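Since this is a predicted model, take the numbers as computed values, not measurements.
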Amino acid sequence: METENKSLNFLEEIITNDIESGKTKLLITRFPPEPNGYLHIGHAKSICLNFGLAIKFNGKCNLRFDDTNPVKEEDEYVLSIKEDVTWLGFEWSKLCYASDYFDQFYEWAVELIENDKAYVDDQSSDEIRKNRGTLTEAGTDSPFRTRSIKENLDLFERMKNGEFDEGFCVLRAKIDMSSSNLNMRDPVIYRILKREHHRTGNKWCIYPMYDFAHGFEDSIEGITHSICTLEFQDHRPLYDWFIDNVSVPSVPRQYEFARLNLTYTLMSKRKLLELVSNNVVTGWDDPRMPTISGFRARGYTPSSIRRFCNEIGVARTESMVEVEFLHHCIREELNKESNRAMAVLRPLKVIIDNWPDNVVDELSAENNPENPEAGTRKLKIGKTIYIEQTDFMEEPVKGFFRLSPGKEVRLKSAYLITCNDVIKDVNGNVTELHCSADMDSRGGEAPDGRRVKGTLHWVWEGDAIKAKINLYDHLFTLRDMSDMEEGKDYTDYLNPNSHILLEEALVEPGLALAKPLEKFQFLRHGYFCADKTTSQYMPVFNLTVSLKDPWGKKQQKR
Ligand code: ATP
Ligand code: MG
């Protein structure tokens, strides 16, 4: 795995100090997703951070499913999360499930009750909310706050035994209803949910809340540095309060970092699930989705995503990362590693009139000019070929160096041709071009050394194969999705052109054998990968990223 030579980030500094002072003997981190959806690129940042720190400091990192809410959690998500972490190139030290600790959580809740630090509250959730107070007003004690320990123990056990309906009562920590931190105003720690859990089935009908469970999960696993995103900063006193008030096996400490925000991207499992359920996309792995499985289908590599996560760094203030930087990371890698191929996305027929009938020439083309070891391949050409419709203009605008009547261009790795005649249909659309080739320009250079500016990609009618091509663009039209106008939601910003399917593309014959996810540079277009459904009979390719690099250009100008 790649190592970076950058100065230490704030977490690395903290860990270095903790190791040097002897406070931390063995660094243990964890990546703790809730299995309620597929992982997105924001999770990749957390994965690279937690697993990366463990690698850097010879520590360990657990993959832990934070599965304390049976309502939204499913095994399908567990499987996909394991697959994604592995695909990104990381190995967990232990695979853990918060649900394995349900018995222990229950005991600790009882311990809190026994120490008069928790009580059963019969108020409705509305009443609890109302009595919580505001930032400027203290909360009001629940009328049930002074219940005896004995009564609380009895009621909590009966909650566990299923004697009460959902919402009838909850268990709350007894902390401080006038704390300036609202999280400390007697937070709910257990609620009744008569739901089947994806692992514990119907064993439980009470489930712990995130804040109560999370620190305990960390403590049970001996996590030394529990890293989460900034919105949990105000929860840290509560995290510590639970750890301080029951007999836990180890004392973890929580640190917060800024979450990843990307331009033109939404990153919330809940909203991504809505896109899937409402068929706005084809699934969690739709190549337009910001999910790890979406990026995989789109042709991203694990190393490009790791590089992106390492280079954006870790900070304590929120910021917005340009999605073009992510594109830049994959583009640079594919430029070095992918073989070139000719693909004509919107074909226009070209007949070379002076080409002798039934003659086929076999040319040689480099597979990857960036990598001589990639070798060469044979390309055949004959009398009828196809070029890109956009490479011809009957009345060329200024600066258009491609084909137009009377103009000469180079067919990549082949011959120079000049356009002599344009054939149109009844509607005036160009359907066919008649050209002549300089038969002495084999390989693409004129014998007299005359300069020919435009170079076009092409395929030969005799061996080109039909392919489907999926072009993709941003799923949303808004650069910063937190800037939505009042009264609008993200569905108002869906990009109608985020997917364009081209069904009439023609590609060079070797691409029939492309394996799913195999990557290519389609000359003059961009990087594409074979779709998971690709076959010899119907090759399908997905656009990974175009050749244009707005991010790289911006950096050069700086
Ligand atoms: P979502 O709101 O998308 O469901 P979440 O934070 O609820 O995200 P979890 O499954 O709880 O999702 O997240 C697992 C870990 O990934 C947490 O430690 C969380 O902080 C981290 N994480 C989630 N989103 C991001 C992000 N955008 N950038 C960095 N880390 C993230
Ligand atoms: Mg969540």
| said: Filter on salt bridge (Lys or Arg N to Asp or Glu O under 4.0 Å), then keep only pairs touching residues 473-485, sequence neighbours left out; what's left? | reply: Glu322-Arg479
| message | Filter on salt bridge (Lys or Arg N to Asp or Glu O under 4.0 Å), then keep only pairs touching residues 451-461, sequence neighbours left out; what's left? | response | Lys349-Glu461
Between [X] and [Y], does the ring centroid distance fall short of 6.0 Å?
X      : Y      : value
Tyr386 : Trp460 : no
Phe325 : Phe308 : yes
Tyr264 : Phe476 : no

Side chain to side chain contact (heavy atoms under 4.5 Å, CB included) with [X]: which residues, sequence neighbours excluded?
X      : answer
Asp66  : Thr68, Ala98, Tyr210, His214, Glu217
Ala514 : Glu518, Phe520, Ala530, Phe541
Cys96  : Asn62, Arg64, Lys94, Tyr101, Glu221

| task | Please name the pair of heavy atoms, one in Leu63 and one in Pro33, separated by the smallest distance, quoted to 0.1 Å. | result | CD1-CD, 4.0 Å
| Does a side-chain heavy-atom distance below 4.5 Å link Glu370 with Gln521? | no
| field | Contacts of Arg30 that satisfy salt bridge (charged side-chain N to carboxylate O under 4.0 Å, His left out) - sequence neighbours left out | value | Asp218
| On the ring face of Phe10, is Arg316 found with NZ or CZ under 6.0 Å from the centre and within 45° of the axis? | yes
| query | Roughly how far, to the nearest 0.5 Å, is OG1 of Thr86 from CD of Glu91? | reply | 8.0 Å
| field | Gap separating the NZ atom of Lys412 from the CH2 atom of Trp458, nearest 0.5 angstrom | value | 11.5 Å
| query | How about Glu395: does its CD atom have over 12 heavy atoms from other parts shown lying under 6.0 Å from it? | reply | no
| said: Can you confirm whether more than 12 heavy atoms, excluding those of Lys60, are under 6.0 Å from its NZ atom? | reply: no
| task | Would you sort out whether Lys380 and Asp361 count as a salt bridge (Lys or Arg N to Asp or Glu O under 4.0 Å), showing the intermediate values? | result | CA-CA 6 Å; Lys380 289 182 185 166; Asp361 189 7; over 6 Å; no
| field | Main-chain N/O of Asp531 paired with Thr534 side-chain donor or acceptor, under 3.5 Å | value | no
| query | Does a side-chain N-to-carboxylate-O contact under 4.0 Å join Asp549 and Arg331? | reply | yes
| said: Check this for me: does any side-chain nitrogen of one of Glu366 and Arg377 sit under 4.0 Å from a carboxylate oxygen of the other? | reply: no
| query | Using the ring of each side chain (for Trp, its six-membered ring), is His43 parallel, tilted or perpendicular to Phe31, with breaks at 30° and 60°? | reply | perpendicular
| task | Give me the ring orientation class for Tyr38 and Trp284: parallel if the planes are under 30° apart, tilted from 30 to 60°, perpendicular past 60°. | result | parallel
| field | Arg524, His457, Arg346 screened by side-chain hydrogen bond (donor to acceptor under 3.5 Å, both in side chains) with Glu388, the one that passes | value | His457
